[in-house]
Protein chains: 2
Amino acid sequence: MARNQITIKDIAREAGVSTALVSFVMSNATAGEPLYRVNSETSKRVLEVAERLRYKPNSSARALRSGKTGTIGVVLSDISNPFFSEIARYLEDQAYGYDYNVIFASTDEDPEKFRRVVSVLMNKGVDGLILVPCGGTEDTIRELVSSGVNIVLLDRTVPGLDVSSVVLDNRDAAKCITEKLISRGAVRIDMVSYSMNISNTRDREQGYLDAMAAAGLSGYTHIERIAHNSYGGISQYVSEAKDRGVNAFMIATNTLSLLVISEIYKQGFRIPDDFMIACFDRNPLYDIYGSGIVYVRQPVDAFASKAMELVMSHVSAKPGKKRPEEQIVLSPEITG
Amino acid sequence: MARNQITIKDIAREAGVSTALVSFVMSNATAGEPLYRVNSETSKRVLEVAERLRYKPNSSARALRSGKTGTIGVVLSDISNPFFSEIARYLEDQAYGYDYNVIFASTDEDPEKFRRVVSVLMNKGVDGLILVPCGGTEDTIRELVSSGVNIVLLDRTVPGLDVSSVVLDNRDAAKCITEKLISRGAVRIDMVSYSMNISNTRDREQGYLDAMAAAGLSGYTHIERIAHNSYGGISQYVSEAKDRGVNAFMIATNTLSLLVISEIYKQGFRIPDDFMIACFDRNPLYDIYGSGIVYVRQPVDAFASKAMELVMSHVSAKPGKKRPEEQIVLSPEITG
DNA sequence: TTCATTTGTTAAATCGTTTTAACTATTGGT
DNA sequence: ACCAATAGTTAAAACGATTTAACAAATGAA
């Protein structure tokens with residue numbers, strides 16, 4: 001990169017002060033107004049010179065000395081998944097507001113990869129981590145937490161760990177949409193879920209069972225657990241479901257929903273005539289199906305702003321004064 | 001971040017050598033084999049100690065001294081747009097392979113925001129930039145290029161600028177899908193496009209016109225240009241199109257496609273009975289419509305790998321020996 | 001007047017690496 | 001025996017900021 005670096009030294013020379021003063025002014029001046037222990041003339045002059053020379057602080061130097069990089073690492077399942085990419089966008093905007101940057105890393109739900117990318121981000125020197133834990137990462141996270149890394153869990157929790165987190169009230173959300181299916185006449189409702197051990201899908205399964213029980217439908221419940229990234233069996237499963245008289249699917253994640261919906265149409269069935277759908281996260285095309293699809297709209301913006309708020313509150317905590325960890329549970333919104 | 005930093009100094013002491021040697025070994029040792037001008041005993045010892053103490057180089061220090069941050073900035077329209085988030089994912093993976101990181105920033109097609117985020121990334125100290133230019137950023141980009149910044153344009157070009165780029169053959173792609181519509185019986189085909197001045201949509205419009213001309217349908221062509229993020233008029237437009245006897249839409253981008261498709265259904269029309277659709281980028285639910293939707297599948301992985309390859313070739317160029325800029329045009333794949 | 005506090009500023013150390021220039025052995029050619 | 005080249009290593013100077021400890025001058029209290 002061609003960068004004719006103007007340094008703090010140039011400014012110091014030009015303004016006739018020391019580099020220490022320049023540094024102090026540059027990093028503490030707020031809107032040109034009164035600055036503790038600095039002559040306002042002087043500080044104005046420094047600011048002016050900096051402006052004139054188009055001074056841009058070198059962030060590597062700053063990071064080296066101060067130990068703060070101004071970067072938050074975000075580890076999520078897959079940034080190409082719309083749910084996460086939407087979160088990513090909000091996180092990006094949030095970070096910008098704090099004068100921070102975010103670096104994303106995808107794990108593909110693989111705990112080994114999770115470990116690897118976390119380590120890369122740590123080496124890179126992030127000031128905090130926002131993590132979407134996947135199955136099998138409990139130990140890695142526990143280790144991070146106990147070594148004092150600034151962490152916020154997102155979308156999923158790790159039970160028995162004192163660490164900040166922001167999650168949806170998944171159980172309630174799942175219960176609500178299942179009830180909505182029931183109120184629209186569904187009686188044989190299958191749940192399609194993932195086989196991975198992840199807090200949010202487990203909670204959603206509970207919500208499904210809750211609703212079925214509350215409606216006296218416990219006689220028929222079925223949870224079909226699909227392994228992540230092995231979707232071969234879906235075709236057979238859907239046709240069998242039809243045979244079993246299933247008339248609605250309650251689906252745990254957006255990826256699974258799209259697969260099931262496609263499959264339904266591929267087999268010549270229709271929504272809502274053959275099946276109704278309850279699912280998580282919206283898709284621009286769901287509206288087409290009218291009341292055939294109920295979905296949980298997750299407050300993605302709140303996920304992002306809360307997570308960033310939490311991670312920032314730890315970043316800015318005075319050394320020694322660790323802020324208490326905070327668990328936040330957000331309410332779902334039901335649509336469709 | 002709590003990090004009990006093991007430094008190069010610790011290793012030097014432990015291994016009984018100088019820090020210079022440690023640094024040299026650490027950054028040049030490839031798989032433990034012969035290392036220029038270093039006793040293999042010594043280098044093995046250094047490596048061992050580093051391993052034992054779990055040495056992690058401090059990247060801020062490295063960046064400060066070497067001037068390389070190991071980070072590429074990626075500026076795109078909106079990372080929550082599936083097309084870009086998919087690219088983002090591939091870029092992330094690619095970068096990882098080069099031992100690099102990427103930082104994303106979204107512009108929302110706003111040239112002022114573009115300028116801002118580029119400046120943030122530059123200050124952060126990226127080794128290169130992958131840019132999706134938006135309308136009105138020509139000057140900003142020209143300026144960057146002429147100041148020697150390592151740049152690769154993605155998805156869109158800026159005419160008259162000697163800079164590397166990776167784009168789709170948009171004109172040809174648009175021509176192909178329009179022809180496919182025609183071959184399936186469409187005659188009154190509207191194109192829905194953006195009003196922004198962006199190379200790829202302009203090219204797609206040309207492709208549409210090409211196909212219409214080639215089929216002798218130049219008598220009826222219509223390009224509806226929508227302003228970015230002001231989609232209020234779509235509803236009226238669709239119903240008017242129906243009145244005009246339009247029986248197919250050729251749509252320039254994925255966002256517009258979803259809007260139009262939703263609107264079609266909202267107004268009680270059907271695909272393919274009332275309208276056929278030709279569009280760009282796939283959506284998991286398009287398959288439902290069978291041959292009613294033709295779409296261009298962009299080689300997103302190639303976009304990413306080529307862009308990263310280009311930016312990396314500049315990063316690793318010896319100072320003074322600037323690699324020539326390279327323009328890459330990728331071929332589309334038609335599906336549906 | 002004298003001592004204490006506050007104001008305004010700076011010299012110098014430090015962060016952890018990379019990199020340059022140089023130095024001592026050792027080898028080999030003549 | 002002499003010189004040149006090569007191998008192996010290191011001391012020390014960057015890189016550009018932040019931060020600590022200290023100092024001089026001005027102010028105020030007694």
Check the distance between D:dG16's C1' and A:Tyr55's OH and give it to me in whole angstrom.
8 Å
For DNA chain C, what dot-bracket results from Watson-Crick or G-U pairs at under 3.5 Å, with [ ] for crossers and | for inter-strand partners?
||||||||||||||||||||||||||||||
Extract from the structure each pairing of a protein N or O with an N or O of nucleotides 26-28 of chain D at less than 3.5 Å, listing the distance.
none

Among residues at least two apart in sequence or on other chains, which ones pass side-chain hydrogen bond (donor to acceptor under 3.5 Å, both in side chains) with B:Asn81?
B:Asn254, B:Thr255
Applying salt bridge (Lys or Arg N to Asp or Glu O under 4.0 Å), can you list everything that pairs with A:Glu326, at least two apart in sequence or on another chain?
none
Restricting to nitrogen or oxygen on both sides, can you table the protein-nucleotides 3-10 of chain C pairs closer than 3.5 Å?
residue, atom, partner, partner atom, Å
C:dG8, N7, A:Arg37, NH1, 3.0
C:dG8, O6, A:Arg37, NH2, 3.4
C:dT9, OP1, A:Thr42, OG1, 3.0
C:dT9, OP2, A:Asn39, N, 3.2
C:dT9, OP2, A:Thr42, OG1, 3.1
C:dT10, OP2, A:Ser18, N, 2.7
C:dT10, OP2, A:Ser18, OG, 3.3

Examine the base of C:dT18 for any acceptor or donor lying under 3.5 Å from a partner atom in the side chain of B:Arg62, and report the outcome as yes or no.
no
Partner residues of B:Glu309 under the salt bridge (Lys or Arg N to Asp or Glu O under 4.0 Å) criterion, sequence neighbours left out
B:Lys306
Would you please name every residue forming a salt bridge (Lys or Arg N to Asp or Glu O under 4.0 Å) with B:Glu143, sequence neighbours left out?
B:Arg115
Euclidean distance, atom CE of residue A:Met26 to atom P of D:dG16 [Å, nearest integer]
16 Å
Regarding A:Ser23, tell me which of base, sugar-phosphate or nothing describes its non-hydrogen contacts under 4.0 Å with the strands shown.
base
What is the distance from CD of B:Gln5 to P of C:dC15, rounded to the nearest Å?
11 Å
Working to the nearest 0.5 angstrom, can you tell me the gap between A:Arg54 CZ and A:Ile6 CD1?
10.5 Å
Which residues share a side-chain contact (heavy atoms from CB on, under 4.5 Å) with B:Phe24, sequence neighbours left out
B:Asn28, B:Leu35, B:Val38
Could you check how far CD1 of B:Ile8 sits from P of C:dT19, rounded to whole Å?
11 Å
Is the backbone of B:Thr140 close enough, under 3.5 Å, to the side chain of B:Thr137 for a donor and an acceptor to pair up by distance?
no
Nucleotide C:dG16, atom P - distance to CD1 of B:Ile6 in whole Å:
11 Å
Just how far, in rounded Å, is C1' of C:dT14 from CZ of B:Arg65?
16 Å
Who pairs with A:Asp78 by salt bridge (Lys or Arg N to Asp or Glu O under 4.0 Å), at least two apart in sequence or on another chain?
B:Arg89
In short, salt bridge (Lys or Arg N to Asp or Glu O under 4.0 Å) pairs touching residues 11-23 of chain A with sequence neighbours left out are A:Asp10-A:Arg13, A:Glu14-A:Arg52
Mind checking side-chain contact (heavy atoms from CB on, under 4.5 Å) for A:Asp110 and listing every partner two or more places apart, or none if nothing turns up?
A:Glu112, A:Lys113
To the nearest Å, how far apart are B:Arg13 CZ and C:dG16 C1'?
14 Å
Would you mind reading off the distance between B:Asn123 atom CG and D:dA17 atom C1', rounded to a whole angstrom?
14 Å
Sort and list the pairs that fulfil salt bridge (Lys or Arg N to Asp or Glu O under 4.0 Å) and have at least one residue in residues 35-50 of chain A, not counting sequence neighbours.
none
